[in-house]
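I have placed the structure first, in the form of structure tokens, so that the comments after it can refer back to it.
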Amino acid sequence: MKKIDFSREFVNRHLNLFRCPVCKLPFDEVTGYSLVCPNNHSFDLSKKGTLFFLTKQANNEYDKSMLQARHNILQAGLFDPIVNEIAKHLSDQPETILDVGCGEGTPLARLLKLRNQRDTAIGFDISKDGINLATQQPVDAFFCVADLARLPFNNHTFSTIIDLFSPSAYDEFNRVAKSGGKLIKIIPNSHYLFELREALFGKGQKNSSYSNDKVFDLFMTHYPNASIHELTYPFSIPKGMQRDMMIMTPLHWGKDRQEDAIQNVDGMKSITVDVSVMVADF
């Protein structure tokens, strides 16, 4: 089945999930390959089977080279233990999952495969290039371009919201989450990719350290009863993928890089993944 036909079938089957980002009314019909609301605002499926819900131009820091590098590294398994940890917090029953800032889609695809593809899942990102990559994932998920602060989804429709290294809009999360649902947010800890930071900037320098205190505190302000699960593991960088490891993050944009930074990166064999998996109940 062509991607556009799969997506039309998905939207038809799950029309109750979507609402118009312009007037905030639930969509009430699919006409041909367009999603149409009662006020006649129309959003057309692309040939790749995606919907573009942005109502204004968006600033996106991830270019195609970063997204491809990220895809290469995630396909090699960088986040697989994180996906396994997320799966532990999901129920045995089919879930309705929203992946916030899904990027090129590998973590969501791995999660759905791990759960034998029994969930209804939507991934969205502000990056059109990222979503175009995500549509190539071999899973029955729906991907769209959308604004975090203006989600094109109806109230109380998702049983699980996953936020892996993405910004958050907690009011919107609370709106679209089902009562009794979960928010699973993953944030980097201080030792996340510290070898890469030190390779680029040297030890003890401004850009070689990281603190998640502000993000952590804001989350806990909204969800004081959340549980926190620390996860730290080494990842062996496949031969020849050191440059992908560098390009996949904004770190390589940083000022004050060492003169021998690229040589240092090329010599890396392993890197540390250090994250907090934060789980809140709605």
Following the transitive rule for hydrophobic clusters with a side-chain heavy-atom cut-off under 4.5 Å over Ile, Leu, Val, Met, Phe, Trp and Tyr, establish whether [X] and [Y] coincide in one cluster.
| X | Y | value |
| --- | --- | --- |
| L164 | I122 | no |
| V273 | I73 | yes |
| F52 | L67 | yes |
| F216 | Y192 | no |
| V275 | M245 | yes |

Please check if the side chain of [X] supplies one atom and the backbone of [Y] the other of a donor-acceptor pair under 3.5 Å.
| X | Y | result |
| --- | --- | --- |
| N264 | A199 | yes |
| T160 | I97 | no |
| D63 | S65 | yes |
| D260 | Q263 | no |
| E195 | L193 | no |
| T50 | S46 | no |
| K182 | L90 | no |
| N39 | H41 | no |
| D125 | G103 | yes |
| S7 | I4 | no |

Heavy-atom closest contact ([X] atom, [Y] atom, distance):
| X | Y | answer |
| --- | --- | --- |
| I271 | L78 | CG2-CD1, 4.5 Å |
| I161 | F173 | CD1-O, 3.6 Å |
| F282 | N174 | CE2-OD1, 3.2 Å |
| D163 | S168 | OD2-OG, 2.6 Å |
| A76 | F235 | O-CE1, 3.7 Å |
| R118 | R115 | NH1-O, 2.8 Å |

Filter on ring-ring contact (aromatic ring centres under 6.0 Å, His included), then keep only pairs touching residues 77-102, sequence neighbours left out; what's left? F79-F165, H89-H229
Side-chain H-bond candidate by donor/acceptor type, [X] with [Y], under 3.5 Å:
| X | Y | answer |
| --- | --- | --- |
| S211 | D213 | yes |
| Y233 | D80 | no |
| Q137 | T106 | yes |

Donor-acceptor contacts under 3.5 Å from residues 142-153 side chains, at least two apart:
unit_1 : atom_1 : unit_2 : atom_2 : d
D147   : OD1    : A149   : N      : 3.0
R150   : NE     : P21    : O      : 2.4
R150   : NH2    : P21    : O      : 3.1
R150   : NH2    : V22    : O      : 3.3

Report the distance from atom [atom1] of [X] to atom [atom2] of [Y], rounding to the nearest 0.5 Å.
| X | Y | atom1 | atom2 | value |
| --- | --- | --- | --- | --- |
| L231 | S276 | CG | OG | 9.0 Å |
| M268 | R243 | CE | CZ | 12.5 Å |
| K64 | D129 | NZ | CG | 5.0 Å |
| T249 | R70 | OG1 | CZ | 8.5 Å |
| S127 | N132 | OG | CG | 8.0 Å |
| I131 | K128 | CD1 | NZ | 11.5 Å |

Side chain to side chain contact (heavy atoms under 4.5 Å, CB included) between I162 and L98, intermediate numbers included: CA-CA 6 Å; I162 298 169; L98 179 64; over 6 Å; no
Go through the steps to decide whether S236 and K269 satisfy the test side chain to side chain donor-acceptor pair (under 3.5 Å), and finish with yes or no. CA-CA 6 Å; S236 296; K269 298 289 195 296; over 6 Å; no
Hey, are the side chains of [X] and [Y] touching, using non-hydrogen atoms and a 4.5 Å cut-off?
| X | Y | answer |
| --- | --- | --- |
| I228 | M220 | yes |
| K185 | I187 | yes |
| E9 | R13 | yes |
| N212 | S190 | no |
| V139 | Q117 | yes |
| I126 | L54 | yes |
| R175 | D171 | no |
| T120 | E95 | no |

Under 6.0 Å between ring centres, would you say that holds for F53 and F124? no
When I186, L108, L114 are each screened for side-chain contact (heavy atoms from CB on, under 4.5 Å) with I86, the one that passes is I186
Verdict with reasoning, V265 to L196, per side chain to side chain contact (heavy atoms under 4.5 Å, CB included): CA-CA 7 Å; V265 169; L196 177 59; 3.9 Å; yes
Show me the donor-acceptor pairs within less than 3.5 Å that the side chains of residues 23-38 make with the rest of the protein, sequence neighbours left out.
unit_1 : atom_1 : unit_2 : atom_2 : d
E29    : OE1    : T31    : OG1    : 3.3
Y33    : OH     : D5     : OD1    : 2.6
S34    : OG     : D44    : OD1    : 2.5

Relative to the ring of F194, is the ring of H191 parallel (under 30°), tilted (30 to 60°) or perpendicular (over 60°)? perpendicular
Give the C-alpha distance, both sets of side-chain angles, the deciding distance and a yes or no for side chain to side chain contact (heavy atoms under 4.5 Å, CB included) between L183 and M278. CA-CA 8 Å; L183 168 61; M278 311 168 76; over 6 Å; no
Test side chain to side chain contact (heavy atoms under 4.5 Å, CB included) applied to N155 and V176, step by step: CA-CA 4 Å; N155 298 346; V176 303; 5.6 Å; no
